[in-house]
Amino acid sequence: VVVRAQAAAAPAVADAPLMVRAARGEATERAPCWMMRQAGSGCAPCWMMRQAGRYQAAYRELARKHPSFRERSETTELIVDISLQPFRSFKPDGVILFSDILTPLPGIGVPFEIDDNKGPLLDNPIRSKEQLKQLHKLDLSQLQFVGESLKLLRQEVGDQAAVLGFVGSPWTLATYIIEGASSSLYKTIKSMAYSEPALLDALLSHLADAMADYIRFQIDSGAQCVQIFDSWGGQLPPSQWDKWSGPYLRRVIESVKSTHPSTPLTLYANGSGGLLERLGATGADVVGLDWTVDMADARRRLGSKSVQGNVDPTVLFCGEAAIEAAVRDVLSKAGGKGHILNLGHGVLVGTPEEAVAHMFALSKSIKAAELVT
Ligand code: CP3
């Protein structure tokens with residue numbers, strides 16, 4: 001009897017983490033929840049707010065000691081420590097690797113910097129056929145810190161959460177490579193789509209193959225779910241997205257699925273209300289939603305596809321009652337199946353850490369069975 005009781009109490013090791021089960025479309029006892037640290041923003045006033053620092057005090061303190069973003073995001077010890085900061089504080093169901101979508105670019109021959117005030121900067125934006133020659137196949141020996149960090153994170157996190165990897169979509173990476181910095185209008189790359197389509201196609205194809213290799217490397221190193229950020233896909237009219245983002249996303253996803261079929265892939269695009277069905281049709285397992293789409297509409301438009309999101313990040317400034325109302329609205333409209341609770345984008349600079357803690361606590365206390373759908 002004793003032996004049986006112990007067996008029943010032991011964690012189900014063979015079971016995939018809650019987040020992976022939800023990504024696969026399974027009904028879960030509650031919605032898994034994770035959040036990303038505030039990351040990309042194309043909006044100029046957001047740079048000015050950066051002086052305030054990121055939302056976690058522990059991160060701000062570490063950033064003071066290690067002021068270079070490249071150092072913070074390319075040193076195994078720092079990557080692991082920073083990735084675990086939210087895990088230590090909030091016990092989320094997913095632990096995202098601390099890195100950037102631009103991190104693999106030097107590995108294909110594109111150097112970059114992240115300037116404290118201006119964001120990402122590339123000295124030599126690629127705008128000619130001649131410059132394309134500098135690109136090479138992804139050199140994983142330059143990304144060993146990513147592989148090592150994912151391995152260590154799996155050891156640290158165990159079966160308490162899923163370890164998440166990520167990459168940028170070919171289109172979104174190309175906006176930085178061609179514009180040379182964060183952009184608000186994307187004039188250079190959009191013009192290139194009309195004036196030099198073969199050049200843009202060659203760049204996007206190269207990025208698609210490199211990102212497929214990079215995703216495989218992350219999965220082989222321990223990532224249990226990988227998110228593709230097509231962050232600036234929503235900047236394209238849908239008919240142009242069909243030419244310049246969708247096909248390259250499908251190329252990445254088909255390539256990864258052909259070798260690693262069981263690791264869920266999530267696709268997120270900012271401002272994607274006009275693209276939802278298209279995002280769902282790429283072959284991604286989960287569609288990440290921003291907060292501008294109602295969860296009930298997303299469910300109708302995406303059928304049985306798993307979804308992630310989509311609480312408005314600014315509600316975390318509005319007190320516990322507002323947070324609870326927003327979380328319950330999203331949870332009940334999503335239903336208790338194939339849903340990963342998240343914000344509609346990253347945590348905003350200046351967000352009170354207690355508000356983040358409150359949202360995580362709510363996510364754990366609200367069971368799928370009690371949702372009124
Ligand atoms: O929770 C986490 O640790 C998330 C890790 C993460 C970062 N960047 C760290 C980062 C992730 C998932 C990203 C992805 C990323 N990077 C995206 C896609 C996500 C999105 O926002 O839609 C994009 C477009 C980028 C490009 C990028 N990197 C920009 C535009 C900036 C400046 C943004 C800003 O608000 O300052 C970065 C820098 C960056 N990457 C920061 C962080 C935490 C801020 C710099 C810092 O903390 O020193």
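One-based numbering, in listed order, for ligands and for the atoms of each.
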Side chain or backbone, does [X] bring an N or O within less than 3.5 Å of an N or O on ligand 1?
{"X": "Asp116", "answer": "no"}
{"X": "Ser182", "answer": "no"}
{"X": "Thr172", "answer": "no"}
{"X": "Arg72", "answer": "yes"}

Exercise. Checking Thr351 side chain against Val347 main chain: does a donor-acceptor pair fall under 3.5 Å?
Worked result: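 No; zero donor-acceptor contacts below 3.5 Å.
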Exercise. Which atoms from ligand 1 have a heavy atom of Met36 less than 4.0 Å away?
Worked result: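 Contacts of ligand 1 toward Met36, numbered from 1: 1 (O), 12 (C), 19 (C), 20 (C), 21 (O).
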Exercise. For ligand 1, which atoms, with element, lie under 4.0 Å from some heavy atom of Ser231?
Worked result: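 By the 4.0 Å cutoff, the relevant atoms are 18 (C), 19 (C), 20 (C), 22 (O).
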Less than 4.0 Å is my threshold; does some heavy atom of [X] fall inside it relative to ligand 1?
{"X": "His345", "result": "yes"}
{"X": "Ile96", "result": "yes"}
{"X": "Asn270", "result": "no"}
{"X": "Ala63", "result": "no"}
{"X": "Ser99", "result": "yes"}

Exercise. Out of Ile101, Leu62, Leu173, Leu348, whose heavy atom is nearest to atom 17 (C) of ligand 1?
Worked result: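 Result: the heavy atom closest to atom 17 (C) of ligand 1 is in Ile101.
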For this session: Nearest heavy atom to atom 12 (C) of ligand 1 wins, so pick from Tyr59, Phe166, Trp232, Phe98.
Result: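 Looking at heavy atoms only, Phe166 sits closest to atom 12 (C) of ligand 1.
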Problem set entry | Residues, nucleotides or ligands: over 12 heavy atoms within 6.0 Å of Lys364 NZ |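 Yes, the 6.0 Å shell around NZ holds more than 12 heavy atoms from other groups.
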Exercise. Under 30°, 30 to 60°, or over 60°: which ring-plane class applies to Phe229 and Phe166, parallel, tilted or perpendicular?
Worked result: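 Phe229 vs Phe166 ring planes: perpendicular.
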Problem set entry | Whether Tyr55 and Phe90 hold their rings parallel, tilted or perpendicular, with breakpoints at 30° and 60° |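 Ring orientation of Tyr55 relative to Phe90: parallel.
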Problem set entry | Pairs meeting criterion ring-ring contact (aromatic ring centres under 6.0 Å, His included) with involvement of residues 97-121, two or more places apart |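 Sorted result for residues 97-121: Tyr59-Phe98, Phe69-Phe98.
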Exercise. Between Ile108 and Ala210, which heavy-atom pair has the shortest distance, and what is it?
Worked result: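 Here Ile108 and Ala210 meet closest at CG2-CB, 3.8 Å.
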Exercise. Given that the side chain starts at C-beta and the backbone is N, CA, C, O, which of these parts of Gln227 lies under 4.0 Å from ligand 1, counting heavy atoms, or is it both or neither?
Worked result: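 Neither part.
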Kindly list each side-chain donor-acceptor pair under 3.5 angstrom involving residues 16-26, sequence neighbours excluded, with atom names and distances?
unit_1: Arg21; atom_1: NE; unit_2: Ala16; atom_2: O; d: 3.4

